[in-house]
Amino acid sequence: MTDPIALVPLPHSVIWSQGTWETTDPWAGLSVGLSEDLPRTAYSLSIHPGGAHLTAGSEAALADGRNTFAQIVSDADGSIPCVTIEDEPAHAWRGMHLDVARHFRTVEEIEAMIDAMALHRLNVLHLHLTDDQGWRVEIKGYPRLTEIGAWRAQTLVGHHSPDADESTWTFDGIRHGGFYSQDELRGLVEYASRRGVMIVPEVDLPGHMQAAVAAYPNLGNVPGREIGVREVWGISDHVLGVSDEVFDFLRDVLTQVAGIFPGPFVHIGGDECPTTEWEQSTAARARLNEWGLTRISEIQGRFTQYAVEVLAESGKRAIGWDEVLQTHLPDGMVIMNWRKQGGVAEATGRGFQTVVATAEHTYFDHYQATPDQEPLAIGGLTTVKDVYTAPLIPSGLSDQERSQILGIQGQLWSEYLPTAAHMQYMAFPRMCALAERAWGSPEQTWEQFEERLRAHLPRLDAFGIRYRPLD
Ligand code: ACM
């Protein structure tokens with residue numbers, strides 16, 4: 001099988017100093033080389049009085065070894081310890097997801113997250129770039145996506161409850177938004193690549209598209225109807241329509257996004273797509289007949305199929321949230337499992353590669369202690385101990401099925417994470433526990449991990465990360 005994570009080459013060695021990762025070209029004391037004798041994800045680092053040498057099985061593994069070296073140098077107090085480290089991660093995909101659609105994060109704030117990921121040898125940043133509440137990526141030929149779709153007039157205050165009486169909702173009255181130019185995203189790709197992090201962009205379709213429909217009403221199911229960018233959370237009924245114009249739009253968007261991000265994957269969402277508007281649409285029914293389908297819900301499968309084909313023309317593999325399993329799926333897709341652990345078994349059993357991103361244990365927008373002690377969060381309760389100890393990979397998988405699990409990923413949905421500081425508070429230290437599991441250190445108890453975590457916190461301090469205190 002081909003390497004599931006082929007990173008673009010890293011041109012420089014990386015060294016961490018004063019809380020940021022800086023590139024030096026090359027760092028004088030470290031010689032590096034690739035070795036065909038090592039597995040692709042493995043590296044070997046030896047530091048001895050005569051110098052330091054790093055060999056690795058791939059460019060991606062070199063990045064991990066460089067990051068380890070940078071950490072050792074940065075931890076050192078005057079002199080660097082002589083060590084030999086031979087290491088290899090349990091999972092090729094060690095991911096963090098970041099929702100920049102519900103609350104926009106600046107390029108600098110994302111760079112700080114990439115630095116923190118490199119510190120933890122996390123190597124995939126999944127950027128959730130589009131949603132009902134904001135469209136964040138410049139697409140040439142569609143200026144209204146960023147003129148209109150990137151901005152919402154105001155945001156709901158407090159919890160969103162779908163059953164609440166709308167007349168009781170209050171709003172902050174503050175215009176909110178932002179977007180990234182294609183050049184800014186290319187810069188971010190380069191920044192991440194130098195630190196051993198691959199960016200996987202997500203364009204969530206065919207649901208979670210209200211911002212795009214607000215920008216171009218003809219993309220919706222009632223052509224010409226004006227709707228705004230969504231100002232509350234929850235699931236919007238305003239999904240994509242089924243006209244040729246919509247499919248042409250998706251081709252343009254996916255092709256341009258594929259051109260910005262050089263990695264092998266593009267995420268096409270697929271979660272939480274209500275069929276309400278399709279059921280009420282004569283155009284959607286006519287399409288269903290034309291396609292020889294019977295159930296309205298099968299329309300989503302058509303979108304998935306189309307997106308997979310368009311991305312394949314750009315040499316990309318599509319990833320989808322696990323709802324995409326509900327309709328016929330093209331081979332070769334990657335399933336990102338969020339709803340229940342059993343979905344991992346279903347996806348691998350059907351032959352798909354999978355990333356484990358289950359809400360119960362990897363959604364870092366959940367409370368990390370009882371709500372009365374914490375800032376407002378979406379719900380749930382996932383402590384750092386849960387992240388370290390909870391079962392993530394279901395038992396009972398065959399060796400073949402286990403081998404189809406690419407890795408694990410933490411999620412930072414941002415409805416209730418309005419600032420970068422708040423995002424860091426929710427991410428850390430849970431992200432540290434996730435990273436430990438993703439790398440797969442030898443069996444350790446929670447108590448052992450907790451002790452090492454306490455010793456690790458000064459590194460977070462050095463990076464200026466505003467983590468949640470352990471006590
Ligand atoms: C999701 O949480 N809607 C993937």
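Every value quoted in this text rests on a predicted model; they were computed, and no experiment measured them. Remember, it's 1-based here, ligands and their atoms both numbered in the order they're listed.
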(message) Just by distance, no angles: are the side chains of Tyr191 and Asp115 close enough, under 3.5 Å, to form a donor-acceptor pair?
(response) yes

(message) I'd like to check Val107 versus Tyr180 (side-chain heavy atoms, cut-off strictly below 4.5 Å). Are they in contact?
(response) yes

(message) Thr445: which residues meet the side chain to side chain donor-acceptor pair (under 3.5 Å) condition with it, sequence neighbours left out?
(response) Gln448

(message) Suppose the criterion is salt bridge (Lys or Arg N to Asp or Glu O under 4.0 Å): which pairs have a residue in residues 342-351, not counting sequence neighbours?
(response) Glu346-Arg350

(message) Listing request: all salt bridge (Lys or Arg N to Asp or Glu O under 4.0 Å) pairs with a residue in residues 243-258, at least two apart in sequence or in separate chains.
(response) Asp244-Arg287, Arg251-Glu313

Pick out the protein N or O atoms lying less than 3.5 Å from any N or O of ligand 1, and list each pair with its distance.
{"unit_1": "ligand 1", "atom_1": "2 (O)", "unit_2": "Tyr363", "atom_2": "OH", "d": "2.7"}
{"unit_1": "ligand 1", "atom_1": "3 (N)", "unit_2": "Asp271", "atom_2": "OD2", "d": "2.7"}
{"unit_1": "ligand 1", "atom_1": "3 (N)", "unit_2": "Glu272", "atom_2": "OE1", "d": "3.2"}

(request) Flag the pair Glu298 and Arg302 as a salt bridge only when some basic side-chain nitrogen lies within less than 4.0 angstrom of an acidic carboxylate oxygen. (result) no

